[in-house]
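Just below is one structure, and these are the notes that go with it.
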Protein chains: 2
Amino acid sequence: MSLRKEILEVSKEILIKDGFGKMSMRKIAGRCGVSATSIYLHFKNKDDLLLALIEESIENLKQALMEVLDPAKSMIDQLEVLARTYISYALEHPQEYEVIYMVRPEEMPKYPKEKFRDVRSAYELLADIIRKGKREESLDVESSLISAYTLWAQLHGVVSVILNKRLDTRIPQDQFIEQAIDHIIKGFVIQKTPA
Amino acid sequence: MSLRKEILEVSKEILIKDGFGKMSMRKIAGRCGVSATSIYLHFKNKDDLLLALIEESIENLKQALMEVLDPAKSMIDQLEVLARTYISYALEHPQEYEVIYMVRPEEMPKYPKEKFRDVRSAYELLADIIRKGKREESLDVESSLISAYTLWAQLHGVVSVILNKRLDTRIPQDQFIEQAIDHIIKGFVIQKTPA
DNA sequence: GAACAGAGGTTAACAGTGTTAAGTAAACTT
DNA sequence: AAGTTTACTTAACACTGTTAACCTCTGTTC
């Protein structure tokens with residue numbers, strides 16, 4: 001196996017097990033049986049390595065979402081199962097999920113550009129469902145793509161509150177998730193308010 | 001002025017100007033004219049200092065929210081202006097906002113307990129509006145407190161996507177915010193679906 | 001075959017980090 | 001006056017990401 005791939009695997013292993021704080025270049029290198037500087041032959045710097053990990057993590061999340069997609073179901077049902085899956089996945093793979101939103105902007109000024117086509121495709125996945133829902137008039141949106149991002153943002157918010165332990169101790173996590181999904185989905189479906 | 005207070009002020013100054021990454025103990029100490037170790041006489045460690053900053057930041061955010069509260073308006077309108085204010089505040093004070101959600105869980109295992117009454121009171125602020133909306137049957141919620149957390153989470157998600165520069169370059173930020181607020185608010189108002 | 005170029009690694013070092021242990025000097029208490 | 005406490009200091013430990021310089025093996029070209 002190439003060292004590059006081994007670095008990625010080991011990094012991810014450390015990341016998932018011990019969190020980002022413990023993921024040092026020397027530790028990664030040590031576990032690969034090489035010196036720390038060798039990593040710099042395969043990655044520009046730590047952020048660059050992190051970027052590769054982010055891509056992987058998003059790809060995995062996207063995969064998890066795709067697996068629960070069921071064209072037989074209604075768009076609303078699909079949206080709900082996607083929301084549920086997103087949250088479950090994030091809570092079951094907290095360390096990996098955190099990577100996705102961890103790298104701070106100042107450390108990576110020119111984020112998208114060529115890379116991150118996978119990332120976009122993950123959003124397109126949601127946008128597609130929403131677009132279909134819009135066509136069959138079960139969903140109430142203006143721009144499907146923007147709504148996809150909105151949905152994603154809302155889900156991330158819910159996950160973030162839980163992972164960062166910001167949830168009130170009085171509130172049962174399950175109940176919070178259920179109510180959050182309710183609110184989020186309701187925000188997307190057609191409102192048939194009688195004149 | 002007490003050194004403790006000066007440390008807090010200087011920390012915040014550095015944090016807002018240069019971001020968390022540049023906020024080192026030695027730098028704070030240097031700018032206070034003392035040695036780095038002095039900080040440990042007033043704060044248990046860096047996380048502890050950060051916690052104090054988080055409290056302050058949340059208090060400021062809460063203050064900004066309280067200022068736009070207007071009992072004359074409908075609950076739905078108030079909810080909307082709160083949402084708008086939350087997002088604006090976060091985007092206008094990005095470094096300060098980031099503090100609120102930055103400290104990672106593993107670094108602070110026992111978060112709430114005695115402290116953070118202010119934090120809770122910020123949520124209660126939202127919960128109050130929601131509770132009133134529920135009473136006058138303009139809002140559709142089960143638990144007001146949980147819905148308050150849900151609203152907060154959703155708003156944080158929207159902000160987070162923008163601050164972390166995860167928004168698609170094709171999407172105008174303003175339009176994203178507008179559509180997000182629409183979806184979020186809609187998720188809370190009563191749905192009068194005709195049987 | 002000899003000379004060269006580059007790939008893929010090395011060690012040593014720099015400048016920085018959070019944090020602790022031990023020491024000091026002034027102020028308060030008895 | 002002696003002792004204790006308070007608020008600080010310096011020195012050091014064990015790390016961090018990153019760079020410069022060096023080495024060694026491989027493949028290519030004359």
Side-chain angles (χ1 to χ4, degrees), chain A residues 1-57 95 98-99 102-111 164, chain B residues 1-56 95 98-99 102-111:
Chain A
M1 183 173 43
S2 78
L3 180 54
R4 187 178 197 280
K5 258 202 152 178
E6 198 181 347
I7 291 170
L8 279 171
E9 277 188 19
V10 168
S11 307
K12 192 167 182 179
E13 209 180 292
I14 295 176
L15 194 85
I16 288 171
K17 205 172 177 186
D18 308 324
F20 176 67
K22 301 286 168 72
M23 193 190 97
S24 83
M25 300 301 254
R26 283 172 174 84
K27 194 169 188 170
I28 297 165
R31 210 166 293 186
C32 289
V34 298
S35 75
T37 49
S38 290
I39 299 176
Y40 291 85
L41 301 170
H42 301 275
F43 299 92
K44 219 185 99 213
N45 50 33
K46 198 183 178 183
D47 279 354
D48 192 42
L49 168 56
L50 207 56
L51 238 72
L53 291 174
I54 291 179
E55 275 189 283
E56 262 193 44
S57 295
Q95 306 277 22
E98 278 173 16
V99 190
M102 192 166 42
V103 181
R104 312 223 70 74
E106 61 268 20
E107 286 148 17
M108 57 173 206
K110 43 195 161 67
Y111 180 79
N164 285 332
Chain B
M1 182 173 47
S2 78
L3 180 56
R4 189 178 195 279
K5 257 200 152 178
E6 198 182 346
I7 290 170
L8 280 171
E9 276 188 20
V10 168
S11 307
K12 193 167 181 179
E13 208 179 293
I14 296 175
L15 193 84
I16 288 172
K17 203 171 177 187
D18 309 323
F20 176 66
K22 300 284 167 72
M23 193 191 97
S24 84
M25 300 302 254
R26 283 172 175 84
K27 194 169 189 171
I28 297 164
R31 210 166 293 186
C32 289
V34 297
S35 76
T37 50
S38 290
I39 299 175
Y40 291 85
L41 300 171
H42 301 275
F43 299 93
K44 222 186 96 212
N45 51 35
K46 197 183 180 183
D47 279 354
D48 192 41
L49 168 55
L50 207 55
L51 237 72
L53 291 174
I54 292 178
E55 275 189 282
E56 262 193 43
Q95 305 278 21
E98 278 173 17
V99 190
M102 191 165 44
V103 182
R104 310 223 72 75
E106 62 268 21
E107 286 148 18
M108 57 173 206
K110 45 196 158 70
Y111 179 78

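In what follows, chains are A, B, ... by sequence order, proteins preceding strands, each numbered from 1.
Residues A:Ser35 and B:Ser24 each lie close to DNA chain C; by heavy-atom proximity, the contact nearer the 5' end of the strand is made by A:Ser35. Mapped onto DNA chain C by nearest heavy atom, A:Ala36 and B:Asn45 fall at different nucleotides, with A:Ala36 at the one closer to the 5' end.
Nearest heavy atoms, B:Lys27 versus B:Lys22: CD-O, 3.3 Å.
Rounded to a whole Å, the CZ atom of B:Phe43 is 13 Å from the P atom of C:dT19. When the P atom of D:dG17 is taken as reference, atom NZ of A:Lys44 falls 16 Å away, rounded to whole Å. Summarising the geometry, the separation between OH on B:Tyr40 and P on D:dA12 is reported as 19 Å, rounded to the nearest angstrom. Across the protein-nucleic acid pair, B:Leu3 atom CG and D:dC8 atom C1' stand 9 Å apart, rounded to whole Å. Residue B:Lys46 contributes atom NZ, which lies 15 Å from atom P of C:dG16 at whole-angstrom precision. We find that CG of B:Leu41 is positioned 9 Å from P of D:dT9, with the value rounded to whole Å. Remark: C1' of D:dC8 and CZ of B:Arg4 are 17 Å apart, rounded to the nearest angstrom. One interatomic measurement links the two molecules: CD1 of B:Ile7 to C1' of D:dA7, which rounds to 11 Å at whole-angstrom precision.
Residues B:Leu3 and B:Leu41 have side chains not in contact (no heavy-atom distance under 4.5 Å, counting atoms from C-beta outward).
Side-chain atoms of A:Met25 lie closest to D:dG17 of the nucleotides C:dG18, D:dT9, D:dG17. Here the side chain of B:Arg26 is nearest to one of C:dG9, C:dT19, D:dT18, namely C:dT19.
Contact annotation: B:His42 side-chain N/O to D:dA7 OP1/OP2 distance is not under 4.0 Å. For the pair B:Thr37 and C:dT19, the criterion of a side-chain N or O lying under 4.0 Å from OP1 or OP2 is not met.
Atoms CG and CG, from B:Asn45 and B:Leu50 in turn, are 10.0 Å apart once rounded to the nearest 0.5 Å.
No donor-acceptor pair under 3.5 Å is formed between the side chain of B:Ser38 and the backbone N or O of B:Val34. Side-chain atoms of A:Lys46 come within 3.5 Å of backbone atoms of A:Met23 as a donor-acceptor pair (strictly under, hydrogens ignored).
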